[in-house]
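Data first, discussion second: the structure below is written as structure tokens.
Predicted, not measured: the structure shown is a model, and the values here were computed from it.
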Amino acid sequence: MWKIGMSEEIGKALQSVVDRVNQAAARRPKTLPALPPRLVAVSKTKPPEMVIEAYRQGQRNFGENYVNELVEKASNPQILESCPEIKWHFIGHLQKNNVNKLLGVPNLFMVETVDSVKLADKVNSSWQRLRAASTQRLKVLVQINTSGEQSKHGLPPEETVNTVKHILSKCTALHFSGLMTIGRYGYNLSDGPNPDFQVMLLSRRQEVCDSLKLPLEEVELSMGMSNDFEHAIEVGATNVRVGSIIFGNREYPNSAANTPSPSPEKKSKVVSEEAAKKMEHLTVSEH
């Protein structure tokens, strides 16, 4: 529910996150590509008014996890009128039977969760058919399951190169933009850099670039959410997905007894003050 006073709250929260993004980028090793991180404001379960307010405050990239919610929000007359330069990212699990619905979304900028060759082929053929009049390719990221958790979607890491190669050679309507992961929930940063980010995703990007002769700076890394986006940027993220600390905790009105369901970000351990301090001084591998 939109309430008076929320405009100021969203403005302050968004500016705080933007400042933290920039500060984290300044702490990155000089050996990493100097790409300004893109902030994707995750607006799932939030009303159009909140999206419009964040847009008014200068935010342009927004992310949604569910196809139906993205279709509804992106087609909202208020958003279409007030947010002409909005860029929508789909960041949830995509089933093949929902591809056509997703690709009809106005101002769709990127699909971050392509996790199989079959899904890539489906997205490619659908984009060709639905956007036949346009020569613009659809940006996609390949999602990798870096933590090996069965509850998470994504490619097995060892299939990364072949999947990217397939997209580059066979999916002419798609623009391969990089790799994406959801790090394991509950990782304690006081233990050191998150291996899902630093070891798995960075090393897979290097492998992709070496094998397919791609410039490192042209392969993005989407990793990091509300609880760990600063650390993700420090080790190389170029795209972070932040929701609850901009828009507030999510409410799921259809859940049992209207009880708010915790977001994935909330399922992670809250990083202690001690861990937060240590995070600023983490030794980041520079390769």
Side-chain angles (χ1 to χ4, degrees), residues 10-43 51 53-64 83-91 107-113 136-144 175-183 189 193-194 196-198 200-206 208-209 214-247 265 276 279-282 284-287:
I10 289 176
K12 287 180 178 179
L14 180 60
Q15 188 57 54
S16 173
V17 172
V18 169
D19 290 344
R20 290 166 65 185
V21 165
N22 292 334
Q23 290 162 10
R27 294 194 293 269
R28 283 192 300 209
K30 303 302 181 188
T31 50
L32 290 172
L35 298 172
R38 180 193 298 112
L39 171 62
V40 177
V42 181
S43 50
V51 173
E53 182 56 34
Y55 184 95
R56 194 179 72 81
Q57 299 285 346
Q59 180 64 22
R60 292 295 179 267
N61 291 276
F62 292 82
E64 289 288 339
C83 312
E85 297 176 0
I86 198 168
K87 297 176 180 179
W88 289 107
H89 295 237
F90 184 71
I91 60 173
N107 300 307
L108 181 65
F109 179 74
M110 181 180 284
V111 176
E112 296 200 16
T113 49
Q136 185 174 359
R137 293 184 294 163
L138 175 64
K139 293 180 174 64
V140 298
L141 301 181
V142 171
Q143 182 179 2
I144 305 172
H175 176 77
F176 167 70
S177 297
L179 307 176
M180 178 267 208
T181 194
I182 300 171
L189 290 173
N194 188 333
D196 290 345
F197 296 164
Q198 187 166 7
M200 294 300 290
L201 208 61
L202 267 76
S203 64
R204 290 299 168 185
R205 177 174 68 173
Q206 191 66 55
V208 165
C209 291
L214 299 176
L216 202 66
E217 62 274 11
E218 292 183 12
V219 180
E220 292 196 38
L221 295 179
S222 176
M223 56 190 190
M225 299 189 292
S226 284
N227 62 303
D228 57 7
F229 72 92
E230 289 163 296
H231 171 58
I233 290 170
E234 288 173 0
V235 299
T238 62
N239 191 86
V240 292
R241 311 176 299 272
V242 179
S244 57
I245 59 174
I246 295 174
F247 297 113
E265 297 146 2
M279 193 172 77
E280 296 181 5
H281 304 290
L282 286 176
V284 180
S285 172
E286 297 193 4
H287 57 75

Problem set entry | Derivation of the side-chain contact (heavy atoms from CB on, under 4.5 Å) call for Val17 and Leu39 | CA-CA 9 Å; Val17 172; Leu39 171 62; 3.9 Å; yes
For this session: In sequence, state the C-alpha distance, the side-chain angles, and the governing distance for Asn107 and Lys87, and then conclude on side-chain contact (heavy atoms from CB on, under 4.5 Å).
Result: CA-CA 6 Å; Asn107 300 307; Lys87 297 176 180 179; over 6 Å; no
For this session: In sequence, state the C-alpha distance, the side-chain angles, and the governing distance for Leu214 and Phe176, and then conclude on side-chain contact (heavy atoms from CB on, under 4.5 Å).
Result: CA-CA 11 Å; Leu214 299 176; Phe176 167 70; 4.1 Å; yes
For this session: Could you check Val242 against Val40 for side-chain contact (heavy atoms from CB on, under 4.5 Å), going step by step and ending with a plain yes or no?
Result: CA-CA 6 Å; Val242 179; Val40 177; over 6 Å; no
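Considering all non-hydrogen atoms of both residues, Phe247 and Val42 come closest at CD1-O, 3.3 Å. Of all non-hydrogen atoms in Met180 and Ile182, the two that sit nearest each other are CE-CG1, 4.1 Å. In plain terms, the two heavy atoms of Ala41 and Gln59 that are nearest each other are N-NE2, 3.6 Å. Asn239 and Ser222 get closest at one heavy-atom pair: ND2-OG, 3.0 Å. Between Gly236 and Leu221, the closest heavy-atom pair is O-CD1, 3.7 Å. The nearest pair of heavy atoms linking Leu179 to Ile144 is CD1-CD1, 3.9 Å.
Cation-pi geometry between Arg60 and Tyr55 is satisfied (NZ or CZ under 6.0 Å from the ring centre, within 45° of the ring normal).
The pair Glu234-Arg28 does not count as a salt bridge, with every side-chain nitrogen at least 4.0 angstrom from each carboxylate oxygen. Salt bridge Arg38/Glu220: present, at least one basic N to carboxylate O contact under 4.0 Å.
Interatomic distance, Arg241 CZ to Asn61 CG, rounded to the nearest 0.5 Å: 13.0 Å. Taken to the nearest 0.5 Å, the CZ atom of Arg56 stands 11.5 Å off from the CG atom of Leu14. Between the CG atom of Leu202 and the OG1 atom of Thr181 there is a distance of 11.5 Å, given to the nearest 0.5 Å. From Leu108, atom CG reaches atom CZ of Phe90 across 9.5 Å, with rounding to the nearest 0.5 Å. How far CG of Asn22 is from CZ of Arg27: 11.0 Å, rounded to the nearest 0.5 Å. Considering CD1 of Ile246 and CD of Gln15, their distance stands at 11.0 Å, rounded to 0.5 Å.
The closest side-chain heavy-atom distance from Leu32 to Leu35 is not below 4.5 Å. Side-chain contact between Trp88 and Phe62 is present, with heavy atoms from C-beta onward closer than 4.5 Å. The closest side-chain heavy-atom distance from Met225 to Asn227 is below 4.5 Å. Annotation: side chain of Phe229 is in contact with side chain of Arg20 (closest heavy-atom distance under 4.5 Å). Residues Val235 and Met223 meet the side-chain proximity criterion, which asks for heavy atoms closer than 4.5 Å. When side chains are defined from C-beta on, Leu138 does not count as touching His175, because their heavy atoms never get closer than 4.5 Å.
Proximity of a side-chain donor or acceptor of Glu112 to a complementary backbone N or O of Val142 within less than 3.5 Å is not detected.
The side-chain contact (heavy atoms from CB on, under 4.5 Å) test with Ser177 singles out one residue from Lys139, Glu218, Arg137, and that residue is Lys139.
Residues Asp19 and Gln23 bring no donor and acceptor atom of their side chains to less than 3.5 Å of each other. Side-chain contact annotation: Ser43 with Glu64, donor-acceptor N/O pair under 3.5 Å present.
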